[in-house]
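One-based numbering along the sequence shown. In each ligand, atom 1 is the first atom listed, and ligand 1 is the first ligand listed. As a basis for the values below, the full set of heavy atoms in this structure was taken, side chains included, without hydrogen atoms, waters or symmetry mates.
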Amino acid sequence: MPNIVVLGAGVSGLTCALLLSKQKGNAVTVVAKHMPGDYDIEYTSPWAGANVLPMALDHDSRWERRTWPELRRLAAEVPEAGLHVQTARVLRRQADVAADLVKAALGDGGLFDLSPWYREVMGRFRDIPPSELPPGMHSGCEFTSVCINTAIYLPWLVGQCAKHGVRFRRAVLKHVSEAAGMSHTGQKADIVVNASGLLACKLGGVMDSRVYPARGQIVLVRNEADGIMPTTSGCDDGFDELVYVMQRALGGGTVLGGTYQRGNWDPNPDPNIAMRIMKRAVETHPELTGGKGVEGLDIIRHGVGLRPAREGGVRIEKEMIDGTWVVHNYGHAGWGYQGSYGCAERVVELVDEIVGKTKRASKL
Ligand SMILES: Cc1cc2nc3c(=O)[nH]c(=O)nc-3n(C[C@H](O)[C@H](O)[C@H](O)COP(=O)(O)OP(=O)(O)OC[C@H]3O[C@@H](n4cnc5c(N)ncnc54)[C@H](O)[C@@H]3O)c2cc1C
Ligand SMILES: *[C@@H]1O[C@H](CO)[C@@H](O)[C@H](O)[C@H]1NC(C)=O
């Protein structure tokens, strides 16, 4: 009976714990400094929008491809999970296409590709005809996506884990050996899953210096959007600022974004950035305030989250550290939700390899 300790209770750790607990015979303990309900700059998941805007390049798209069917299913069949279906609208600005800048937006991915891989994956995909494009846009596309109310979804994941026998403990760990001693069974863990997010660069024996923050600032408002989640390849306010709007399910408010500021650790909302975010949002989405402009916005709060980015991309691999098998799963940058099941599925495979089982057919 493999004893598994999952370090981390963000979307990565919780999704791993859930899939591992569904496999017969696993005893799973989640150990975390922060848990759903906490809002802390070291804990990224609660700050996310979140929605599905496929970001990987094609060769790296497995995580997002494998996750999408499950998120779509949750939105359609499991209302209490806090997801709902919305239409994503991806717009490429003329200026960004001309300057060959569309790749740089949101972390060097494929979201703004002229012919993206995800056109075969996302439902109701269509290229937006020129007559429907807003001024200044080169081209764009639309497809069916979902928006996740993270304040509902993370506690829902905890509940699903509990239902499958996962135990939860609060602790701040300094080293893998400590993690291995935290299984609720009282025995040494056979495997530690390392889903420590941004802290993978700060804590522990083998610090990963390739992990860095990509700061995201948002404004959460009570105003309602119209079911469309637009995002553009850039904006006039600077290369690390973004434009996106998404209304969350179950009264979660509407998220106005945002920024993608590499290497910036500032946990405080910058009021000037907030003003620019709101101005851009009402320009692209006049219906938010019925044409009343920024003054018509009703602010719930300002937020800052640090996306756990990593040079060279996400790290999902097994490693023996001081006599304990560790399966790493960190560095998800801006796509931790939309890649969560694909990554967790890979973690289950690696755990299976370690315990010597034959590979099982995926349940997803
Ligand atoms: C503004 C913003 C918007 C975003 N929008 C989207 C989006 O639309 N779609 C999307 O898919 N993603 C989005 N993201 C990205 C997404 O939020 C992240 O990729 C994801 O939350 C990373 O989750 P994680 O579980 O890896 O890390 P975290 O959520 O940070 O969790 C890390 C966990 O590890 C624990 N931990 C770490 N070290 C230790 C230790 N030594 N001891 C004990 N516990 C420890 C922490 O306490 C925590 O529980 C967005 C992010 C931001 C900031
Ligand atoms: C997780 O990985 C990071 C980076 O390699 C390392 O600093 C940390 O010690 C690891 N934690 C565990 C429990 O394996």
Q: N/O of Lys33 under 3.5 Å from N/O of ligand 1, yes or no?
A: yes
Q: Thr232 and Arg92: side-chain hydrogen bond (donor to acceptor under 3.5 Å, both in side chains), yes or no, with the steps?
A: CA-CA 6 Å; Thr232 63; Arg92 309 172 195 102; over 6 Å; no
Q: Pairs of nitrogen or oxygen atoms closer than 3.5 Å, one from Arg307 and one from ligand 1: do any exist?
A: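 Checking ligand 1 against Arg307, no N or O pair falls under 3.5 Å apart.
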Q: Taking a cutoff of less than 4.0 Å between a non-hydrogen atom of the residue and any ligand atom, is Val326 in contact with ligand 2?
A: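 Within the 4.0 Å threshold, so yes.
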Q: Just to be sure I read this right, does ligand 2 sit under 4.0 Å from the backbone of Arg315, its side chain, both, or neither, counting only heavy atoms?
A: side chain
Q: Does ligand 2 have any atom sitting under 4.0 Å from a heavy atom of Glu178?
A: no
Q: Heavy-atom distances under 4.0 Å decide this one: backbone, side chain, both or neither, for Ala333 against ligand 1?
A: backbone
Q: Out of curiosity, is Tyr330 lining ligand 1, as in a heavy atom under 4.0 Å away?
A: no
Q: Could you tell me whether Trp47 and ligand 1 have an N or O pair separated by under 3.5 Å?
A: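 Not met; the criterion fails.
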Q: Does the pair Arg93/Asp236 count as a salt bridge with the N-to-O cut at 4.0 Å?
A: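 Salt bridge present between Arg93 and Asp236.
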Q: Tell me, please: is Gly334 in heavy-atom contact with ligand 1, that is, under 4.0 Å?
A: yes
Q: Is there a heavy atom of Val11 sitting under 4.0 angstrom from any atom of ligand 1?
A: yes
Q: Output yes when Glu311 and Arg315 qualify as a salt bridge under the 4.0 Å nitrogen-oxygen rule, no when they do not.
A: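 Looking at Arg315 together with Glu311, the answer is no, because their closest N to O distance does not fall below 4.0 Å.
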Q: Any idea how His332 and Trp335 line up, ring-wise: parallel (<30°), tilted (30 to 60°), or perpendicular (>60°)?
A: perpendicular
Q: Any atom of ligand 1 sitting under 4.0 Å from a heavy atom of Ala171?
A: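 Ala171: in contact with ligand 1 (<4.0 Å).
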